[in-house]
Peer 1: 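One structure, as structure tokens, below. Some questions next.
Just follow the structure's listing: the first ligand is 1, and inside any ligand the first atom is 1. What you see is a predicted model; the values in this text were computed from it and never measured.
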Amino acid sequence: MSVATAKRDYYEVLGVARTVDGDEVKRAYRKLAMKYHPDRAEGDKAEAEVKFKECAEAYEVLSDPQKRQRYDQFGHAGINAQHDFSHMDVSDIFTMFDDIFGGAFGGRRGGGGAGAGGGRPRGQRGFDLETHVELTLQEVATGAEKTIEFERQDHCETCKGSGAKPGSSPVVCPQCGGQGRVAQQGFGGMFRMVTTCPNCRGKGTVIREHCNACGGTGRQTKRRVVKIQIPPGVHEGQAVRLAGEGEPGEGGGPSGDLHCYITVKQHPMFSRHANDLVCQCPISFTQAALGGKLEVPTLNGKEELDLPPGTQHGEVFKLKGKGLPDIRTRRSGDELVQVLIEVPKKLTEKQRQLLRDFAATEDHSVMPQRKGFLDKLKQMFAPLKD
Ligand SMILES: [Zn+2]
Ligand SMILES: [Zn+2]
């Protein structure tokens, strides 16, 4: 009861007098539905959708003479409580009243077909497809044109997608008379439900003699080869969309899209962190101590890096702009070179002697890091001795 009283008067909703005829109701509804269609409405979309549904509900009742009479007599209480559009999908409402819009809304789903069938159901968009393409890091840096091959369910060439044997053609569905929809009475005629015709599954036609090539499905698996442009800076897992390369639509609907997912081949030298490239370079401990020129790889060949004397293990040097371009800004990231000091495992007798001589000159307490370490060690054991 409380729900019913909260509803606005249907005549008020459509902005018509209680005496207007059916045509007037239809005109009023058509105008308001155009105005409040969520795809067209300006301003608050959610509010527009609520209004749109309210209008549809009002029209559903006032366009049916029996329901209108009951409504006139008993108000909202005369209409079954099930009759509430607020939870319906906007596109379902459109399918329901398709005939009065005459395809005015070319489609929330694309609905391509050039307005061929007045009362026929709108075409359904084809399925999207997915494929993969593998790139090298170089290709990520420059962008690439790739040729990809994939299979898709295309229209059958023999029957042009109709599914009917050549020479024959699909016939109008006897159950729905070609409408693709059937009305069903529910709750003892209290309301009318419009559903997709179960016999033709909404197509409006049925096939008598099946096409031999496709067995009546109208589809055939075909191999497709397309070129795809990959922009510089793409990341693993991103997809490039090729519009219209998916499966063809049904009943004149548009084709789906092809989503081409990117994988990036592992590089022997570089790992990627966002738009930066990280490269680990082994150096000898003498290089680290004395400093010098270090040859490092970049994506475009070799570069020389100035190693300062006293370079530490794990230290990172930046080569500005030698990373990968950002996919949006095209600004390049950096290359980060991390040096790893390698201690030789084998020494010649001469090297061993030189190092012994070197060690003899070492003043352990002077080397800053080691000094700190020895101090800490002393502090750690000092209290125990007492
Ligand atoms: Zn066929
Ligand atoms: Zn049918």
Peer 1: At the Zn ion (ligand 2), what's the angle from C200 SG to C176 SG, rounded to 10 degrees?
Peer 2: 110°
Peer 1: Tell me whether R208 at atom CZ has more than 12 heavy atoms from other residues, nucleotides or ligands lying less than 6.0 Å away.
Peer 2: no
Peer 1: Compute the angle centred on the Zn ion (ligand 2) spanning SG of C197 and SG of C173, and express it rounded to 10 degrees.
Peer 2: 110°
Peer 1: Can you give me the SG-the Zn ion (ligand 1)-SG angle for C211 and C214, to 10°?
Peer 2: 100°
Peer 1: Around atom NZ of K222, are there more than 12 heavy atoms of other residues, nucleotides or ligands at under 6.0 Å?
Peer 2: yes
Peer 1: Between E349 and R352, does at least one N-O distance fall below 4.0 Å, as a salt bridge requires?
Peer 2: yes
Peer 1: Check whether any N, O or S atom of C159, backbone or side chain, sits closer than 2.8 Å to the Zn ion (ligand 1).
Peer 2: yes
Peer 1: Are E47 and K51 within salt-bridge range, i.e. N to O under 4.0 Å?
Peer 2: yes
